[in-house]
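Here's the structure, in structure tokens; my notes come after.
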Amino acid sequence: MKIVLAPDSFKESMTASEAVAAMRAGVTEVLPDAEVVGVPMADGGEGTVDAVVDALHGEHVEVQVSDALGRTVTARYGYVPLRQLAVIEMATAAGLELVAPHERDILRASTFGVGELITSALDRGAEDVLIGLGGSATNDGGTGMLTALGVKFLDADGLPLSPGGADLERLERIDPRGMDPRLRDVRIRVASDVTAPLLGPDGATAVFGPQKGAGADDMPRLEAGLSRLAAVASATFGATQPQRPGAGAAGGMGFALVEFLGATSRPGVDEVAETVGLERALRGADWVFTGEGSVDAQTVMGKTPFGVAQAAVRAGARVVILAGRVAPDAAVLLDHGVERLVAITAEGTPIERALREGAQSLTRATAEVCRSL
């Protein structure tokens, strides 16, 4: 019997690799002769760097960069030398969690630090860059990132715009001539589950602006800035696609990566699965165990357990999802090839205890599943 273990992290309890180890212990306790293959997974959000580094035996690189407000922070990305692959979570530089609620200033929040991370990866020799979008504090259309990479955004007087989204409505000219030439030879892939376009009622500003601190007076200004960015970008490079699904990810960084840097964009779990070789691992598998901290009806919107389950079904394997919490509406997953949904902690368990004992609970629940196979 071949069993593939492909969980995401269990937030605040286990990394994906630790979850694989906990599952492996449960399998070998009951089925010591089973072939067990571990593939740490993620969906482009938090934990993506760790999952890829662990799966491909890469390394973590720490670098001093600017956070969304221009303060120096230590950010980390992953690098796999044998593949010349860099894996970046943009939130480690320009993330909302790095800015205290009372400090949030979406008008001047910048993605400059993400550009610094990309530059560091290029200095290291990266030829393939996977960038996970999500959790940003920004709404600058990725202009901060591009500025760090050598692009100039100028006003009517030929002066550089101030960082952030507020000044974009004064944009008159984009000068890409100083862009780092190494970018021409680099494959850039975007991992994101956000399908919002750049503009409009379903766009970056309207949907995500309020949670980043945008007030009622800020919203029209930020929308006008992104609209101006799209117009000047089209005039500079030819027609752009601000309404492309995903262009609004990370405050418009999805737009910048595709239109300025030629990136490809796919659902995060698909990008991570390709990177870590999930399809290859699934060949000949009888069962696939996946999971994360919580599953519910929203899991089918591109979260790791759903993406893994779809790949497993295509490979002819049967699927079990194990999670710290299984919401009643998660039953929808049973209509998508999942055979079992297993909560690893008893209902009513205090959250602190559930997080602390997550690994033991996952091992125990996995062993119970194996006894019933």
Side-chain angles (χ1 to χ4, degrees), residues 1-43 45-57 60 97 269 272-273 276 278 281-282 285-296 298-299 303-309 312 317-331 333-334 338-373:
M1 180 182 292
K2 179 179 179 179
I3 301 175
V4 174
L5 312 175
D8 202 332
S9 62
F10 284 59
K11 193 171 183 179
E12 298 182 53
S13 180
M14 291 171 279
T15 66
S17 290
E18 289 169 340
V20 166
M23 286 179 167
R24 188 186 296 274
V27 173
T28 54
E29 175 186 329
V30 179
L31 302 170
D33 296 326
E35 178 187 357
V36 183
V37 179
V39 185
M41 278 292 299
D43 60 12
E46 181 182 359
T48 297
V49 167
D50 289 340
V52 174
V53 165
D54 290 344
L56 301 181
H57 308 292
H60 290 100
E97 291 190 359
V269 66
V272 175
V276 302
L278 178 63
L282 291 173
D286 299 291
W287 288 90
V288 176
F289 296 171
T290 183
E292 62 181 349
S294 178
V295 296
D296 55 28
Q298 296 301 309
T299 299
K303 297 297 185 182
T304 296
F306 180 74
V308 171
R318 303 165 72 180
V319 184
V320 177
I321 293 179
L322 301 102
R325 169 183 171 271
V326 177
D329 61 7
L333 289 160
L334 300 175
V338 177
E339 291 204 9
R340 305 185 194 186
L341 297 167
V342 179
I344 68 171
T345 53
E347 188 173 348
T349 302
I351 185 64
E352 297 83 2
R353 178 182 173 188
L355 295 175
R356 185 176 64 250
E357 299 178 358
Q360 301 96 300
S361 298
L362 183 55
T363 295
R364 182 170 58 251
T366 302
E368 290 173 359
V369 168
C370 289
R371 289 189 185 95
S372 69
L373 294 185

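Summarising the geometry, atom OG1 belonging to Thr48 is positioned 7.5 Å from atom CG belonging to Asp8; distances are rounded to the nearest 0.5 Å. Between Phe289 atom CZ and Leu362 atom CG the span is 10.5 Å, to the nearest 0.5 Å. The structure places CD1 of Ile344 at 13.5 Å from CZ of Arg325, a figure rounded to the nearest 0.5 Å. Expressed to the nearest 0.5 Å, how far CG of Leu341 lies from CG of Asp296 amounts to 11.0 Å.
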Start with the C-alpha gap between Asp329 and Gln298, add the side-chain angles, then the distance that decides, and say whether side-chain contact (heavy atoms from CB on, under 4.5 Å) holds. CA-CA 9 Å; Asp329 61 7; Gln298 296 301 309; over 6 Å; no
Residues Val52, Val276; criterion side-chain contact (heavy atoms from CB on, under 4.5 Å); working and verdict: CA-CA 6 Å; Val52 174; Val276 302; 4.1 Å; yes
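Between the side chain of Thr363 and the backbone N or O of Ala22 there is at least one donor-acceptor pair closer than 3.5 Å. A side-chain donor-acceptor contact under 3.5 Å links Ser13 to the backbone of Leu355. Counting only distance, with no hydrogens or angles, the side chain of Thr290 and the backbone of Ala6 share a donor-acceptor pair below 3.5 Å.
In this view, Glu357 and Arg353 satisfy the salt bridge (charged side-chain N to carboxylate O under 4.0 Å, His left out) rule, not counting sequence neighbours. In terms of the side-chain hydrogen bond (donor to acceptor under 3.5 Å, both in side chains) criterion, residue partners of Asp54 (sequence neighbours excluded) are, by chain and number, Ser17. Under the side-chain hydrogen bond (donor to acceptor under 3.5 Å, both in side chains) criterion, Glu339 pairs with Arg318, sequence neighbours left out. Applying the salt bridge (charged side-chain N to carboxylate O under 4.0 Å, His left out) rule to Glu46 yields the partners Lys11; only residues at least two apart in sequence or on another chain are considered. Under the ring pair (Phe, Tyr, Trp, His ring centres under 6.0 Å) criterion, Phe306 pairs with His336, not counting sequence neighbours.
Sorted by first and then second residue, the pairs that involve residues 22-31 and meet side chain to side chain donor-acceptor pair (under 3.5 Å), not counting sequence neighbours, are Glu29-Arg371.
Residues Ala367 and Val30 share a closest heavy-atom pair of O-CG2, 3.5 Å. Gly291 and Ile321 make their closest contact through CA-CG2, 4.1 Å (heavy atoms, listed as atom of the first residue, atom of the second, distance). Residues Ala19 and Met14 approach most closely at CA-SD, 4.0 Å, considering heavy atoms. When all heavy atoms of Leu334 and Val338 are compared, the pair lying nearest together is CD2-O, 3.3 Å. Of all heavy-atom pairs between Asp286 and Met1, the closest is OD2-CA, 3.3 Å. When every heavy atom of Val295 is checked against every heavy atom of Ala330, the shortest pair comes out as O-CB, 3.8 Å.
Counting heavy atoms from C-beta outward, Leu373 and Leu31 have side chains that approach closer than 4.5 Å.
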